[in-house]
Amino acid sequence: MDNLRGHHVVAAIATILVAYLTRAIACFFRHRKLMSKYPGPPYHKLWGHILLLGEYRKTKPIRMHPHYLPALLAEDYNLGPVFLFDTYPAGPAILIVNDPGLAHEVSTVQNYPKSQLLGEALEPVAGPQNLVVMEGALWKKWRAIFNPAFSMTQLMTLVPLVVDSTMVFVDGLDKFASKNDPFRLEEPATHLTIDIIGKVILNHDFKSQTTQNEYVDAMRAQLTWLRDRTSFNPLHIYNPIRPIINLYYTWRMRRYLGKLLDARLTARAGNASNTRQRVGIDLALDTYFAEYSRGKGDDMNLLKMDPEFRQYVIDNFRMLLVAGHDTTSSTVAYALYRLSRHPDILAKLRAEHDKIFGSDPLAAADVLKSNVHLLNKLTYTTAAIQETLRLYTPATSIRQGGPHLFIKDPSTGDMVSTDGLTIWIESVCLHRSRKIWGRDVHDFRPERFLSPEISNIDPRTFRPFEKGPRNCIGQELAMLEIKIALVLVARLFDFKAAYDELHLLGGDGTLWAKNDRGKQGVQDVWGDEAYQVLYATAKPRDGMPMRVKRRV
């Protein structure tokens with residue numbers, strides 16, 4: 001009898017497995033049939049675009065940032081304004097938006113919701129509740145809280161602070177020049193921008209340029225444990241240790257920010273902050289006291305912060321620290337890299353600085369502090385930064401399609417369903433399009449952003465900080481920091497890329513030295529050895545190895 005009962009159990013399990021497998025196979029082929037109707041590169045009835053992805057992995061760097069791929073596809077297959085890339089079940093089916101008008105429609109007119117894939121990728125470094133992934137009224141509330149901290153009026157008052165931090169960066173470059181050894185420019189640039197964003201949103205100096213800092217160390221270490229989304233190694237994708245490590249580093253960062261928040265909360269209750277400059281942490285506390293003080297009697301009753309509000313504050317601080325430093329540090333590194341390769345452009349930029357700040361570069365910091373609005377005169381420098389951002393787009397926007405959301409293909413007039421699809425506003429496609437920017441699209445040429453050339457470009461095309469209501473809250477600060485860095489650095493130093501000396505940096509203790517994956521084989525994209533890689537965000541390959549010499 002027991003033997004018979006055992007056969008029944010096995011038969012039942014087998015039936016369930018067969019039914020599940022049958023359903024999965026049916027869903028798979030239904031998906032392939034549906035996706036084959038979308039515009040895009042050649043589509044295999046069984047493999048979709050998986051084989052195509054495999055071909056690119058043979059001819060391009062393995063570590064290449066994924067946002068290059070749609071632009072390569074668009075270029076190689078002459079694809080239109082909207083096209084599909086489907087690696088299901090290995091990855092999501094993605095509808096690529098490759099047209100400025102469609103990008104405006106998705107990001108601004110209809111304002112599609114953010115994709116859950118974005119939240120999954122950002123949660124380890126920014127928590128589950130942050131401005132990037134929030135939606136609706138919650139997003140509007142927290143955007144309104146932090147907007148004043150990033151207004152141009154507020155930021156211009158912080159220029160002397162940014163100058164002082166940048167002079168510490170200059171001192172660090174001096175030391176590298178004295179040693180005459182190669183170094184990774186991304187590292188000191190990152191510490192510079194972390195120190196600045198810490199002061200802007202927390203009124204706190206991490207001092208990461210001169211000392212080790214617990215928060216910065218934890219944040220940088222966590223990057224080495226994030227899932228590499230260019231890897232298909234199952235041992236990496238499903239690493240059982242990763243969640244534990246992420247929880248540990250998250251705990252360290254939350255504890256650090258929690259102490260800062262508690263200190264400011266106590267100071268606020270004692271009115272110690274009334275004479276302080278209003279930064280992000282003060283603006284968040286203003287909202288907290290306004291919302292929770294009703295019926296509490298006095299500020300001292302509010303020292304034990306509401307747990308939910310506290311989580312929102314800390315998660316948004318983490319997001320602002322990650323996003324606020326990373327775009328800027330990478331762009332500073334890339335701008336100096338590109339200028340070093342184009343002496344004629346560098347000469348024009350230096351001439352502009354001589355004209356505006358005087359011929360003595362050593363006096364530029366004091367001149368800038370005394371007249372912060374001189375930054376508004378940096379026409380050519382701004383164009384050089386914009387051209388850097390075009391070539392090295394820091395981020396793109398990923399939205400979620402739905403059953404009632406359709407995109408009109410302007411090339412055919414067809415209404416394209418977005419149901420079940422991830423929508424990718426692919427800025428790299430737009431920034432690297434020959435149809436838009438001309439045959440020299442991959443060249444570094446700041447004149448594209450000067451009159452009369454820029455008047456011929458649809459303003460919706462250039463999207464390094466995205467556009468619409470969900471654009472980057474810190475874009476003005478980023479531009480301010482990069483301008484100041486170039487003003488204080490470009491005339492003092494000469495830089496030279498040192499990718500041919502990477503072997504000398506293997507033991508430098510940076511996060512770049514800890515990962516040997518993909519350092520063999522093809523090492524350029526569009527002929528550029530400093531291509532972007534994915535380390536939570538887009539960063540310069542191997543931390544931008546450089547040599548630097550003092551000029552003055």
Side-chain angles (χ1 to χ4, degrees), residues 35-36 38-44 47-99 102-103 106 115 117-118 120-121 226-233 236-237 330 334 389-399 401 421-437 441-442 461 463-464 466 517-518 521-541:
M35 294 299 107
S36 67
Y38 282 79
Y43 192 82
H44 195 283
W47 296 103
H49 292 129
I50 293 176
L51 296 180
L52 188 59
L53 176 62
E55 290 301 313
Y56 275 96
R57 288 176 67 83
K58 293 178 183 176
T59 59
K60 304 297 177 187
I62 292 176
R63 294 179 296 164
M64 177 184 77
H65 194 294
H67 69 198
Y68 280 115
L69 184 59
L72 290 165
L73 288 167
E75 183 176 84
D76 293 345
Y77 292 94
N78 193 28
L79 299 176
V82 56
F83 60 90
L84 181 81
F85 187 70
D86 179 24
T87 58
Y88 175 84
I94 302 175
L95 198 61
I96 310 294
V97 172
N98 181 29
D99 176 83
L102 291 183
V106 171
S115 169
L117 295 176
L118 190 60
E120 293 171 2
L226 296 180
R227 178 186 165 188
D228 181 354
R229 298 190 178 263
T230 64
S231 172
F232 290 93
N233 182 344
H236 173 78
I237 296 172
S330 294
Y334 274 123
L389 289 166
R390 182 186 71 83
L391 290 173
Y392 303 102
T393 305
T396 53
S397 182
I398 303 178
R399 306 298 182 100
L421 298 177
T422 297
I423 314 300
W424 194 354
I425 303 175
E426 232 299 73
S427 302
V428 180
C429 275
L430 296 172
H431 292 177
R432 295 279 190 163
S433 170
R434 282 193 172 89
K435 297 175 184 177
I436 296 173
W437 301 97
V441 66
H442 302 311
T461 301
R463 323 175 63 89
E466 250 314 289
R517 178 178 173 269
V522 178
Q523 292 297 327
D524 72 87
V525 180
W526 288 306
D528 183 8
E529 63 183 354
Y531 60 87
Q532 292 172 296
V533 298
L534 180 61
Y535 250 127
T537 56
K539 296 181 182 293
R541 169 200 162 202

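Residues take their numbers from the sequence shown, with the count starting at 1. Here the structure is a predicted model, which is why all the values come from computation and not from measurement.
Checking side-chain atoms of Tyr392 against main-chain N and O of Pro540 turns up no donor-acceptor pair under 3.5 Å. A donor-acceptor pair under 3.5 Å is formed between the side chain of Ser115 and the backbone N or O of Leu117. Of the possible polar contacts, one joining the Arg390 side chain to the Val441 backbone as a donor-acceptor pair under 3.5 Å is found.
Aromatic ring centroids of Trp526 and Tyr68 lie under 6.0 Å apart. Aromatic pair His49/Tyr43: centroids less than 6.0 angstrom apart.
Contact check for Asp524 versus Pro61: no side-chain heavy atoms found under the 4.5 Å cut-off. At a threshold of 4.5 Å between non-hydrogen side-chain atoms, the residues Thr59 and Val522 do not count as touching. Proximity of Leu52 to Tyr77: side-chain heavy atoms (C-beta onward) are separated by under 4.5 Å at one or more points.
Closest of all the heavy-atom pairs between Pro464 and Leu389 is CB-CB, 3.8 Å. Looking at every heavy atom in both residues, Thr422 comes nearest to Pro92 through OG1-CB, 4.1 Å. Minimum heavy-atom separation, Ala395 to Ser427: O-OG, 4.2 Å. Among all heavy-atom pairs drawn from Ala71 and Val428, the shortest one is CB-CG1, 3.8 Å. Annotation for Phe83 and Cys429: closest pair CZ-SG, 4.4 Å, computed over non-hydrogen atoms. Summarising the geometry of Leu102 relative to Pro81, their closest heavy-atom pair is CD1-O, 3.7 Å, with the distance given to 0.1 Å.
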So Trp47 and Asp86, side-chain contact (heavy atoms from CB on, under 4.5 Å) or not? Walk me through it. CA-CA 9 Å; Trp47 296 103; Asp86 179 24; over 6 Å; no
Met35 vs Leu421, test: side-chain contact (heavy atoms from CB on, under 4.5 Å). Steps then yes/no. CA-CA 10 Å; Met35 294 299 107; Leu421 298 177; 3.8 Å; yes
Trace of the side-chain contact (heavy atoms from CB on, under 4.5 Å) decision for Lys435 with Asn78: CA-CA 10 Å; Lys435 297 175 184 177; Asn78 193 28; 3.4 Å; yes
Checking side-chain contact (heavy atoms from CB on, under 4.5 Å) for the pair Trp424/Thr396: CA distance, chi angles, key distance, verdict? CA-CA 8 Å; Trp424 194 354; Thr396 53; 2.8 Å; yes
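Within the model, atoms CG of Asp99 and OG of Ser433 stand 9.5 Å from one another, a figure rounded to the nearest 0.5 Å. Note that OH of Tyr535 is 9.0 Å distant from CG of Leu226, once rounded to the nearest 0.5 Å. Separating the CG atom in Leu69 from the CG atom in Leu53 is a distance of 6.0 Å, to the nearest 0.5 Å. Rounding to the nearest 0.5 angstrom, the gap separating the CD1 atom in Ile50 from the CZ atom in Phe85 is 9.0 Å. Remark: Glu75 CD to Arg434 CZ distance equals 4.5 Å, nearest 0.5 Å. In this structure, the separation between CD1 on Ile94 and CD1 on Ile398 is 7.0 Å, given to the nearest 0.5 Å.
No side-chain N or O of Thr461 forms a donor-acceptor pair with one of Arg463 less than 3.5 Å apart.
For the pair Arg432 and Trp437, the cation-pi test (distance below 6.0 Å, angle within 45°) is failed.
For the side chain to side chain contact (heavy atoms under 4.5 Å, CB included) test with Arg541, the passing option among Gln532, His65, Gln523 is Gln523; the others fail. Put simply, the residue from Asn98, Val97, Ile96 that forms a side chain to side chain contact (heavy atoms under 4.5 Å, CB included) with Pro70 is Ile96. When each of Leu72, Leu534, Val533 is tested with Met64 by the rule side chain to side chain contact (heavy atoms under 4.5 Å, CB included), just one qualifies, namely Leu72.
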